[in-house]
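Before we start, here is the structure in question, set down as structure tokens.
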Amino acid sequence: MARSDAYEAVIGLEVHAQLLTRSKIFCGCPNAFGAAPNHNVCPVCMGMPGVLPVFNRRVLELAIRVALATHSQIAPRSVFARKNYFYPDLPKGYQISQYEQPFCTGGYIELPNGGSSPRKIRLTRIHIEEDAGKNIHASGYSLVDLNRAGTPLLEIVSEPDLRSPEEAVAYLKELRAILRYLEVCDGNMEEGSFRCDANVSVRRRGESRLGVKTEIKNLNSFKFVEKALRHEIERQIEVLEAGGTITQETHLFDPERGITKPMRSKEYAHDYRYFPEPDLPPLEVPPSLIEAIKAQSPEVPSARRARYAQQYGLSSYEIEVLTQERDIGDYFEALVNHGVDRKMAANWTMTEVLRAVNESALPLSRAVPPAAETAALLKMVAGNEISLNGAKTAFAAMCKTGQSAVEAVNALGLTQVSDEAQIAEVCEQVLRAEADKVKEYRAGRQKLFGFFVGQVMKAMKGKANPKIVNEVLKRKLDS
Amino acid sequence: MNRSKIGREQVRHVARLARLELSAEEEERLEHDLSAILDYVDKLNELDTSAVEPTAQVGESGTPMRDDEVTNEPAPEAVLANAPAREGTLFKVPKIIE
């Protein structure tokens, strides 16, 4: 037994999700990525003396959506708190966050678990806070851009319920999908709108006490999360096996070397002296608002997965692919609603639609034709007007040119010949030209059937309806 | 109460958190002053508050809210007007060590 099998990892994740609001959390500056440095700032988010924060109503609405989707208990009254520390990207010298009385507690997220019942990962809390600005490190000095300062964030903290790097990634993917389905966060890890810190410890299997944990920061892709956790777990096991002890400290992941290394310890880093924010009265959430938001909340991935199984009888693999992003499932369902057979709609979405999205690197809505056009194309296949391969060719053209189904099929000359008399004539010619092979076939070389089909298709430039070709050839050869 | 509530080490710790540089005399004075302040606040403990909810604020309850609208125009020159150093529209600050 490998010595690492004697240990089990215990992982908890903290996710920071930027909310998709138009303006910042406490002022009317734009909440937008990519503006020129310090162009989206004002006296409030710069922390000028004498300014006062005014809370953005939309932040509360989005936070309620997330709380409902994660089965959390929303506090009727939560309290903003100041987290005090000095850093150049934090102009006020404190971050407005929540501490002792967070927005909500006690929720959970269910992870799909193949055929078995879903794994429940508990959430400790979700609270509302503001983002800091950004430091850019130059040689010999640093630069500060405060555009991001005051961007609304949800901090979503899980219990240490995760047991492997793979499970941690599955949790993150599910959480990200939930936030994207809810249109609360765009989930862009590269741009930092969905960020993750991990707490990890190891313990001998069977042990119920938690080991000493380390925190890993700077995990800005799923791949890095998995790599960093795997490395850190290995490192901790090695330390323990060598008779050492784990030091509670913060590590930074270095993606280039694939390792984690301790940050230079900031002696006083964890003495934040939280206290209730005097500039903001407690956040009160009227039950009527919760009800109103509940009534208009979009479907979450777990609900959609259950519905797809029940309503369309899809396999768990199909469901997984079709529900990974909301727009993929929406497209599949639009095809079905336009009269496409559900199996055909599922297959087409999983292969052709996703291929077009991946190849174009565009959002789905811009990568593929409207579902009505694709449905029109697929109905031509069902009606034997074009072949399945023809439909694939037409679809690729439609994606690139924006042609309608009819235009693409006509432009590419893909209309399938289903006229039996015309096909019979070609079959006759082929059999006459291949008289020797016909003899062999009739003498028992059944394998030659495919060869005849191929010759007919070749003569008809691939446009013959293969089903009719088969029927006609069978009849002629076996008669 | 005449025993110091706040020791010298704590004064230094708090000063450091607040980025204050104190002379030995200031440290001594603050040790004394802060302890006196805490003694004074201790008087509150004479009251029985076991039936009172912790209160951080009095006055209006409920955070006032604004609609989610962009109301601010970019004004980088005004924003940077008082910056001791800049590079383009970025604030330039001493090197941040990790």
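Quick caveat: nothing in here was measured; it's all calculated off a predicted structure.
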ask   = More than 12 heavy atoms of other residues, nucleotides or ligands under 6.0 Å from CD of A:Glu249: is that the case?
value = yes
* Proximity breakdown for A:Pro282 and chain B, heavy-atom pairs closer than 4.5 Å ->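 Contact with chain B: backbone and side chain both.
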Nearest heavy-atom approach of B:Thr63 to A:Phe80 is OG1-CE1, 4.1 Å
Closest heavy-atom pair, A:Ile136 versus B:Leu90, reported as atoms and distance to 0.1 Å, is CD1-CD2, 3.9 Å
Heavy-atom nearest pair, A:Glu284 first then B:Met65, reads O-CE, 4.4 Å
**Study point:** Best-contacting candidate, A:Arg77, A:His39, A:Arg58, A:Met46, against chain B by heavy atom pairs under 4.5 angstrom
**Key:**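 Result: the option with the highest number of such pairs is A:His39.
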Less than 4.5 Å to any heavy atom of chain B: does that hold for the side chain of A:Ile25, its backbone, both, or neither?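 The answer is the backbone of A:Ile25.
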| message | Is A:Asn135 in contact with chain B via its backbone, its side chain, both, or neither, using a 4.5 Å heavy-atom distance? | response |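 The side chain, not the backbone.
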Bottom line for A:Glu61: the part with an atom under 4.5 Å from chain B's heavy atoms is neither
Turns out that what part of A:Ala35 lies under 4.5 Å from chain B's heavy atoms comes down to neither
Max heavy-atom pair count under 4.5 Å with chain A, selected residue of B:Glu73, B:Glu69, B:Arg19: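 If we count pairs closer than 4.5 Å to chain A, B:Arg19 comes out on top.
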#### Entry: Any side-chain heavy-atom pair of A:Arg22 and B:Asp67 under 4.5 Å
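No, their side chains stay 4.5 Å or more apart.
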Point to revise | Pairwise side-chain contact, A:Asp271 with B:His13, heavy-atom cut-off 4.5 Å (strictly under) | key: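 The answer is yes, as the side chains (C-beta and beyond) meet within the 4.5 Å cut-off.
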**Prompt:** In terms of heavy-atom pairs under 4.5 Å, which option from A:Ser139, A:Cys42, A:Gly133, A:Pro30 contacts chain B the most?
**Reply:**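 Between A:Ser139, A:Cys42, A:Gly133, A:Pro30, the count favours A:Pro30.
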Q. Backbone N or O of A:Thr21 within a donor-acceptor pair of the B:Asp68 side chain at under 3.5 Å?
A. no
**Item:** Greatest number of heavy atom pairs closer than 4.5 Å to chain A - which of B:Asn72, B:Leu80, B:Asn82, B:Thr71
**Value:**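 Option with the greatest count: B:Asn72.
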Are the side chains of B:Pro76 and A:Pro37 in touch, meaning some heavy atoms are under 4.5 Å apart?
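A side-chain contact under 4.5 Å is absent here.
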Heavy-atom nearest pair, A:Phe86 first then B:Leu17, reads CE1-O, 3.0 Å
Per-residue tally against chain B (heavy atom, under 4.5 Å) across A:Asp145, A:Val54, A:Asn31 peaks at A:Val54
Turns out that what part of A:Asp279 lies under 4.5 Å from chain B's heavy atoms comes down to backbone
- Message: Do B:Arg66 and A:Asn56 make a side-chain contact, defined as non-hydrogen atoms from C-beta onward lying under 4.5 Å apart?
- Response: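 Result yes, sub-4.5 Å side-chain heavy-atom pair found.
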Open item on the list: Could you check whether atom CD of B:Gln57 has more than 12 heavy atoms from other residues, nucleotides or ligands sitting under 6.0 Å from it?
Closed with: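 Yes, the 6.0 Å shell around CD holds more than 12 heavy atoms from other groups.
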Side chain from CB out, backbone as N, CA, C, O: work out which of these in A:Phe275 comes under 4.5 Å of a heavy atom of chain B, or both, or neither.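 Interface part for A:Phe275: neither.
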For A:Tyr274, is the OH atom crowded, meaning more than 12 foreign heavy atoms sit under 6.0 Å from it? yes
